[in-house]
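Notes to accompany the following structure.
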Amino acid sequence: MFSMRAGLTGGIGSGKSTVGRMLAHRGAVLLDADQVAREMTQPGGLAMPAIVQTFGPEFRDTQGALDRTRMRDLAFSSPTSRKQLEAIIHPLVAQCLEDRARTAEDEGQRLLVFDIPLLVESGHWPRQLDAVVVVDCTAETQIRRVMARNALARNAIEDIIAAQSSRAARRRAADVVLYNDQLPLETLQSQVDALAAQFGL
Ligand code: ADP
């Protein structure tokens, strides 16, 4: 049976996770790149040997997991280090998601949704997917939602938004745009239901 592979992306606070949950609720299999990346950097995680080899044992905490604070500081101050880290993690994540996708396809799952925060920036993902779904809203809405969710300061959120792809770049990469702004959750839910039906569920 044919399964469809859809990518799901959107800026911070766009509602990407909400849409992912709604799709999963309708029966889609959600493949979450961030979650896999976290698993890779747990004690015994597949990325840990290369991380220790590249950055040193001080980047491994006493449990054997990645010292996230230390790595975040380094990646923030050194673009080269950030690229090295991505060169370790991204191929492992891609391979793991591919394995899980094949398993789901073998089980006869109809719709696989790849939740990929950096989909638009990626040279890898757009080619692997049958359709790209972008969840979009204004920057002001992103800021309002994230301030409420994470208790972050406005300028910290503005910095995150500025470091991510622009709305225009995301929309260019999209086959489907869900415009999630000033929209009651029930309306978003019906749009997601319609999309799920279109995608074979
Ligand atoms: P992302 O995964 O894109 O960062 P989330 O899906 O976590 O975003 O949404 C951010 C916050 O905004 C969450 O608290 C979510 O419940 C809320 N939210 C998203 N869309 C809507 C909407 N249409 N109406 C009301 N709240 C929303």
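Residue numbers run from 1 in the order of the sequence given. Whatever order the structure lists ligands and atoms in, that order sets their numbers, starting from 1.
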side-chain contact (heavy atoms from CB on, under 4.5 Å) against Leu201, all qualifying residues, sequence neighbours excluded: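 By the side-chain contact (heavy atoms from CB on, under 4.5 Å) rule, Leu201 matches Arg26, Ala28, Arg110, Leu111, Ala196.
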query: Can you list the residues that meet the side-chain contact (heavy atoms from CB on, under 4.5 Å) rule with Ala65, with sequence neighbours excluded?
result: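 With sequence neighbours excluded, Ala65 shows a side-chain contact (heavy atoms from CB on, under 4.5 Å) to Pro43, Asp61, given in chain and number order.
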Inset, instruction - Output the set of protein residues with a heavy-atom contact under 4.0 Å to ligand 1, ordered first by chain identifier and then by residue number. - result: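 Answer by chain and number: Gly11, Ile12, Gly13, Ser14, Gly15, Lys16, Ser17, Thr18, Arg145, Arg149, Asn180, Leu183, Leu185.
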Review point. Are a donor atom and an acceptor atom from the side chains of Gln109 and Ser3 found within less than 3.5 Å of each other?
Key: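 Looking only at side-chain atoms, Ser3 and Gln109 do not form any donor-acceptor pair under 3.5 Å.
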Report task. For side-chain contact (heavy atoms from CB on, under 4.5 Å), just list the numbers for Ile116 and Leu97, CA-CA rounded to whole Å, side-chain angles, deciding distance to a tenth of an Å, and then say yes or no. Result -> CA-CA 10 Å; Ile116 315 275; Leu97 290 180; 4.0 Å; yes
Quick one: list whatever passes side chain to side chain donor-acceptor pair (under 3.5 Å) with Gln198, sequence neighbours left out.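 Listed in chain order: nothing, the list is empty.
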request  = Apply salt bridge (charged side-chain N to carboxylate O under 4.0 Å, His left out) to Asp115 and Lys16, showing your working.
outcome  = CA-CA 8 Å; Asp115 179 339; Lys16 175 174 70 74; 2.6 Å; yes
